[in-house]
Amino acid sequence: MELLTIVVPCFNEESSVEVFFEEIRKTLKNISFEIIFINDGSTDSTLGNIKKIAESNANVKYISFSRNFGKESALYAGLKNAKGDLVCVMDVDLQDPPKLIPQMINTIENEDCDIVATRRVSRAGEPKIRSSFARLFYKLFNRISKIDLVDGARDYRLMTRQAVDSLLELREYNRFSKGLFQWIGYETKWLEYENIERAAGETSWSFWGLVSYSIEGIIAFTTVPLSISTFFGIIFSFIAFILIIFIVIKNLIFADPVAGWASTMCFILLLGGIQLFSIGILGKYLEKTYTEVKNRPIYIIKESNIKD
Ligand code: UDP
Ligand code: MG
């Protein structure tokens with residue numbers, strides 16, 4: 001390896017940036033590396049802190065967005081500007097232990113693989129309900145999509161230049177990184193570690209944020225939900241068909257008077273509900289298609305110290 005690039009997205013991380021850099025410098029004493037900090041529209045002094053570090057360290061680069069575009073966009077910007085032949089992606093909050101980097105480099109160089117990814121084997125420090133939902137999501141996702149996500153997989157990973165170039169070819173606007181990382185394929189080795197709580201600051205993920213992120217993932221990687229309406233359509237047409245025969249025969253033989261208002265209402269409500277649900281799913285895909293065809297840039301750079 002000649003050069004290692006570390007890509008670090010930062011959103012309101014003023015208290016983590018310096019600690020992170022110190023930690024990396026200590027860990028990578030004998031390795032030639034560059035760091036690209038991506039300031040994703042922070043509203044605190046994250047950018048100022050990054051600039052301070054960049055002033056005295058030539059290998060520290062930064063890209064600052066014009067607003068918050070999200071971690072996925074920040075990752076794309078970082079990968080695009082990475083010059084290294086190995087590229088590492090990690091969070092700034094030290095939840096991704098830097099001491100794994102030498103081990104990752106060793107693995108990628110000596111074992112036959114293109115990606116070394118990491119996975120948390122515990123979710124210590126995380127609310128129980130969040131962990132159970134996360135597990136449920138992975139089960140559901142893997143069942144209905146063609147790619148397999150690994151439970152507890154972090155975005156923290158080391159990739160070869162070839163894998164990075166493949167990722168950069170996926171230029172979609174709605175970026176679900178966890179899926180994209182899997183989608184490109186390549187031989188991946190997994191390193192496992194215990195969950196570590198943030199060094200400072202707070203996670204920017206709310207519970208509902210995670211739920212909507214999961215929906216994004218499903219919409220981005222499978223169209224199975226679109227078949228749900230077809231499925232219900234077939235089932236209910238079949239039931240209706242049987243019922244019609246049943247009612248006709250019943251009326252012919254028994255000349256039954258009109259009855260069953262309540263059951264009719266229930267059926268109408270149920271069908272209405274399923275129809276709206278299906279339209280909602282359709283709308284979700286349409287929304288994604290809409291944002292894709294607009295072909296807007298994935299991010300906008302306000303300032304940077306990277307010169308091409
Ligand atoms: N992040 C970002 N843009 C955002 C949200 C987060 O660049 O809109 C960065 C954040 O600064 C951190 C990483 O993405 O370096 C992961 O965020 P966080 O620690 O909040 O997520 P968690 O570790 O809880 O999954
Ligand atoms: Mg974190």
Side-chain angles (χ1 to χ4, degrees), residues 1 3-29 31-40 42 46 49-50 53-54 57 59-63 65 69-108 113-121 125 150 152-161 163-164 167-168 175 177-178 180-182 188-205:
M1 181 197 65
L3 179 69
L4 166 72
T5 302
I6 303 175
V7 170
V8 196
C10 308
F11 174 56
N12 291 346
E13 301 276 9
E14 57 181 6
S15 44
S16 302
V17 179
E18 271 149 352
V19 196
F20 172 84
F21 182 68
E22 268 320 302
E23 200 60 37
I24 288 286
R25 192 160 57 175
K26 263 191 274 162
T27 320
L28 303 183
K29 265 193 300 260
I31 295 175
S32 108
F33 71 96
E34 61 167 3
I35 297 191
I36 305 182
F37 285 108
I38 299 95
N39 172 38
D40 185 13
S42 302
T46 301
N49 291 356
I50 294 174
I53 301 173
N57 298 276
N59 61 345
V60 174
K61 311 277 189 306
Y62 65 85
I63 296 170
F65 288 173
F69 280 86
K71 180 181 175 182
E72 318 284 326
S73 310
L75 284 182
Y76 188 81
L79 292 178
K80 206 167 167 187
N81 288 282
K83 304 228 163 45
D85 44 343
L86 286 183
V87 180
C88 178
V89 169
M90 65 195 297
D91 290 0
V92 73
D93 56 15
L94 292 178
Q95 272 187 308
D96 301 332
K99 64 174 194 298
L100 288 183
I101 296 178
Q103 196 183 337
M104 287 160 107
I105 296 176
N106 201 13
T107 309
I108 219 165
C113 66
D114 310 277
I115 298 169
V116 184
T118 59
R119 154 168 198 263
R120 294 185 297 179
V121 283
V150 177
R154 301 280 304 167
D155 288 346
Y156 183 24
R157 54 182 58 219
L158 183 71
M159 294 174 278
T160 57
R161 171 55 36 200
V164 171
L167 264 181
L168 288 173
R175 306 187 69 77
S177 297
K178 284 191 194 320
L180 300 179
F181 284 146
Q182 285 305 111
T188 305
K189 287 251 152 68
W190 292 91
L191 289 184
E192 296 182 345
Y193 68 97
E194 297 283 325
N195 190 31
I196 299 165
E197 296 197 39
R198 275 177 155 272
E202 257 180 47
T203 175
S204 43
W205 288 101

Whether the side chain of [X] engages the backbone of [Y] through a donor-acceptor N/O pair (distance < 3.5 Å, no angle test) should be reported.
X	Y	answer
Arg157	Val89	no
Thr118	Arg154	no
Thr46	Ser42	no
Asp91	Asp93	no
Asn59	Phe33	yes
Tyr193	Asp96	no
Glu23	Pro98	no

Smallest separation among heavy atoms of [X] and [Y], with atom names:
X	Y	result
Cys10	Ile50	SG-CD1, 4.4 Å
Ala153	Lys178	O-NZ, 3.4 Å
Met159	Ile115	CG-CG1, 4.0 Å
Gly78	Ile38	CA-CD1, 3.7 Å
Tyr156	Pro97	OH-O, 2.8 Å
Ser73	Phe65	O-CZ, 3.9 Å

Review point. Has Lys80 got more than 12 heavy atoms of other residues, nucleotides or ligands less than 6.0 Å from its NZ?
Key: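 No - once you tally the heavy atoms of other residues, nucleotides and ligands closer than 6.0 Å, there are 12 at most.
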Rounded to the nearest 0.5 Å, what separates atom [atom1] in [X] from atom [atom2] in [Y]?
X	Y	atom1	atom2	result
Ile31	Ile101	CD1	CD1	7.5 Å
Lys61	Ile36	NZ	CD1	7.5 Å
Cys88	Ile24	SG	CD1	7.0 Å
Leu86	Ile105	CG	CD1	6.5 Å
Arg161	Leu168	CZ	CG	7.0 Å
Ile108	Asp114	CD1	CG	7.0 Å

Hey, does [Y] have a side-chain heavy atom less than 4.5 Å from the side chain of [X]?
X	Y	answer
Ser16	Leu94	no
Leu191	Gln103	yes
Phe20	Phe37	yes
Thr188	Phe181	no
Asn49	Glu13	no
Leu100	Leu158	no
Ile6	Leu28	yes

Practice item. Could you check Asp40, Leu75, Val92 and say which one makes a side chain to side chain contact (heavy atoms under 4.5 Å, CB included) with Pro9? Key: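 One option only clears the test, and that one is Leu75.
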**Study point:** Residue that, paired with Glu34, satisfies side chain to side chain contact (heavy atoms under 4.5 Å, CB included) out of Asn57, Val60, Asn81, Leu3
**Key:**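 Testing Glu34 for a side chain to side chain contact (heavy atoms under 4.5 Å, CB included) against Asn57, Val60, Asn81, Leu3 leaves exactly one candidate, Leu3.
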Practice item. Test Lys71 against Asp155 for side chain to side chain contact (heavy atoms under 4.5 Å, CB included), laying out the working first. Key: CA-CA 10 Å; Lys71 180 181 175 182; Asp155 288 346; 3.0 Å; yes
